[in-house]
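Order of the sequence lines sets the chain letters (A, B, ...), proteins ahead of strands, with each chain counted from 1.
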Number of protein chains: 2
Amino acid sequence: MDKPVKKPRTRIQKEKRELILEAGLEVFASHGFRGSTVDQIAEAAGMSKPNLLYYFNTKEEIFTTLIQRLMEAWLAPLREMDEAGDPATEIRSYIRRKIEMARDFPRESRLFANEILQGAPRIHHLLKGELKELVDEKAAVIRGWMRAGKLKKSDPHHFIFAIWATTQHYADFDVQVRAVLGPDKGGEGRFEDAARFLEGLFLGERLPGV
Amino acid sequence: MDKPVKKPRTRIQKEKRELILEAGLEVFASHGFRGSTVDQIAEAAGMSKPNLLYYFNTKEEIFTTLIQRLMEAWLAPLREMDEAGDPATEIRSYIRRKIEMARDFPRESRLFANEILQGAPRIHHLLKGELKELVDEKAAVIRGWMRAGKLKKSDPHHFIFAIWATTQHYADFDVQVRAVLGPDKGGEGRFEDAARFLEGLFLGERLPGV
DNA sequence: TTAACGTTTGTCCAAACGGTCAAAAAATTG
DNA sequence: CAATTTTTTGACCGTTTGGACAAACGTTAA
């Protein structure tokens with residue numbers, strides 16, 4: 001006889017569940033699922049543990065709720081890539097959007113990275129399903145652009161992977177990036193620098209004759 | 001009165017410590033530090049928990065020993081980048097080496113990624129010290145190549161970050177890569193495909209006039 | 001043989017953990 | 001107001017965890 005999954009009914013429930021999810025994001029992102037305790041999340045949300053468990057039946061329920069939402073937000077930029085648009089512009093704004101997400105939602109990125117690193121036990125089906133479908137579709141679009149000579153020919157799947165890897169790097173490996181860049185180059189401008197560099201990498205032309 | 005850190009003295013100690021480190025790598029890489037238990041590591045190493053704790057005083061000692069060793073192996077490819085060599089060749093073999101490491105030592109890569117993701121509490125000083133020094137040195141080399149017109153001009157630090165991000169992606173996000181590529185494209189050839197793609201990305205010339 | 005030393009294990013412990021529950025407190029409704 | 005429902009909490013429970021420890025076992029060498 002399982003307890004039913006809590007659906008928010010009252011105003012308080014909506015608010016408190018949001019509060020808990022925000023706290024969960026903070027805690028999960030910095031310690032991973034196993035490394036986070038319900039007590040930590042409760043404290044971050046400013047309530048007692050039993051109180052928290054009144055809104056979410058289990059620790060896992062908080063986590064899965066978070067990651068489900070996250071996937072949507074995470075795929076949105078790729079979804080917006082428009083076949084009818086100008087290829088260079090489309091790629092450029094995709095990179096921009098991804099870098100902005102790394103800058104503005106690093107916790108979400110880290111939470112996601114954490115899950116994948118551990119073998120994605122909770123979202124494996126989403127990767128093989130929804131994600132693969134979307135990527136295959138957009139890879140076909142990119143391949144079309146390449147065939148039309150609008151983009152240098154290469155493997156579209158690995159092209160997408162490379163954009164993911166480089167942009168998310170600035171969220172997931174932020175400590176390392178800042179440590180290496182140092183206080184001067186590692187300031188707030190690092191995301192702008194990264195965006196410019198990545199545009200050049202993925203779109204820029206090379207020196208002629210080299 | 002702390003117990004002294006165990007230094008291997010006998011032949012058995014050397015062997016068993018290696019066995020434990022191998023087991024620890026396996027377990028830590030798939031569950032993270034907090035997610036791994038001493039019992040799991042002991043079982044993976046084929047011994048009892050108290051026996052394991054005879055060779056390493058604490059769980060943390062296993063972890064730090066692993067990560068210390070790892071840093072060395074991890075930086076080696078960058079160290080080998082030779083200012084006197086041909087720029088394109090040097091970059092190409094750096095990428096090759098990094099992709100090979102992602103293919104042959106994915107557990108090491110994941111262990112490292114896990115540590116950075118959690119804020120690198122145990123190796124922050126190494127990042128700001130040894131790592132930064134090395135990267136600054138090699139960034140200067142790359143900048144020299146760029147100034148000499150041997151490489152397209154861009155930010156050398158971000159250039160290195162991009163190589164790290166893209167190559168390690170194939171180890172750290174392996175589940176995702178395989179899920180998206182599917183059974184056909186996601187086979188063993190994916191690393192070779194990745195290497196070719198990345199060489200083109202970092203070194204290839206673009207279509208003229210685009 | 002025996003003393004010394006290195007190795008292994010069963011047993012135990014205190015703390016931390018996820019989660020339960022009854023009952024109090026607060027808010028809502030009639 | 002009183003009745004009802006929702007929200008909050010202190011106390012508690014069973015389990016897991018990292019680690020301690022003494023006793024047993026194995027090996028070597030005087």
Show which side-chain atoms of residues 77-88 of chain B pair as donor or acceptor with protein atoms under 3.5 Å away, not counting sequence neighbours.
residue, atom, partner, partner atom, Å
B/Arg79, NH2, B/Glu130, OE2, 3.3
B/Glu80, OE1, B/Arg97, NH1, 2.3
B/Asp82, OD1, B/Ala84, N, 3.0
B/Asp86, OD2, B/Thr89, N, 3.1
B/Asp86, OD2, B/Thr89, OG1, 2.6

**OP:** Take atom NZ of B/Lys16 and atom C1' of C/dT7, then tell me their distance rounded to the nearest Å.
**Re:** 8 Å
**OP:** Assess A/Lys98 against A/Trp74: is NZ or CZ under 6.0 Å from the centre of the six-membered ring, and within 45 degrees of the ring's axis?
**Re:** yes
Original post:
Between A/Asn51 and D/dT9, does any side-chain N or O lie under 4.0 Å from OP1 or OP2?
Top reply: yes
Original post:
Residues two or more places apart in sequence or in another chain: which of them pass salt bridge (charged side-chain N to carboxylate O under 4.0 Å, His left out) with A/Lys138?
Top reply: none
Subject >> Separation of atom CD in B/Glu43 from atom P in C/dT9, rounded to whole Å >> reply: 13 Å
Without placing hydrogens or testing angles, list every side-chain donor-acceptor pair under 3.5 Å for residues 19-32 of chain A, not counting sequence neighbours.
residue, atom, partner, partner atom, Å
A/Glu22, OE1, A/Arg107, NH2, 3.3
A/Glu22, OE2, A/Arg107, NH1, 2.9
A/Glu26, OE1, A/Arg107, NH1, 2.6
A/Ser30, OG, A/Glu26, O, 2.9
A/Ser30, OG, A/Val27, O, 3.4
A/His31, ND1, A/Val27, O, 3.4

Original post:
Once you round it to whole Å, what is the distance between P of C/dT9 and CE of B/Met47?
Top reply: 9 Å
Original post:
If only side-chain N and O atoms of B/Gln13 are considered, is one of them under 4.0 Å from the OP1 or OP2 phosphate oxygen of C/dT7?
Top reply: yes
Taking distance alone, no hydrogens or angles, what donor-acceptor pairs closer than 3.5 Å link side-chain atoms of residues 43-50 of chain B to residues at least two apart or in another chain?
residue, atom, partner, partner atom, Å
B/Ser48, OG, B/Asn51, N, 3.3

Subject >> C/dT8 OP1/OP2 closer than 4.0 Å to side-chain N/O of B/Tyr55 >> reply: yes
Original post:
To the nearest angstrom, how far is B/Phe56 atom CZ from C/dT8 atom P?
Top reply: 14 Å
Dump the pairs, protein N or O against N or O of nucleotides 12-19 of chain D, anything under 3.5 Å, distances to one decimal.
residue, atom, partner, partner atom, Å
D/dG18, OP1, B/Ser36, O, 3.2
D/dG18, OP1, B/Lys59, NZ, 2.9
D/dG18, OP2, B/Val38, N, 2.9
D/dG18, N7, B/Lys49, NZ, 2.9
D/dG19, OP2, B/Lys59, N, 2.8
D/dG19, N7, B/Lys49, NZ, 3.4
D/dG19, O6, B/Lys49, NZ, 3.2

**OP:** Mind jotting down which residue pairs meet the side chain to side chain donor-acceptor pair (under 3.5 Å) criterion with at least one end in residues 155-164 of chain A? Sequence neighbours excluded, please.
**Re:** A/Tyr94-A/Trp164, A/Asp136-A/His157, A/Asp155-B/Lys185, A/His157-B/Lys185, A/His158-B/Tyr170
Original post:
Taking OP1 and OP2 of C/dT8, is either one under 4.0 Å from a side-chain nitrogen or oxygen of B/Tyr54?
Top reply: no
Original post:
Between D/dT6 atom C1' and A/Lys14 atom NZ, what is the distance in whole Å?
Top reply: 15 Å
**OP:** Check the distance between C/dC17's P and A/Ile62's CD1 and give it to me in whole angstrom.
**Re:** 15 Å
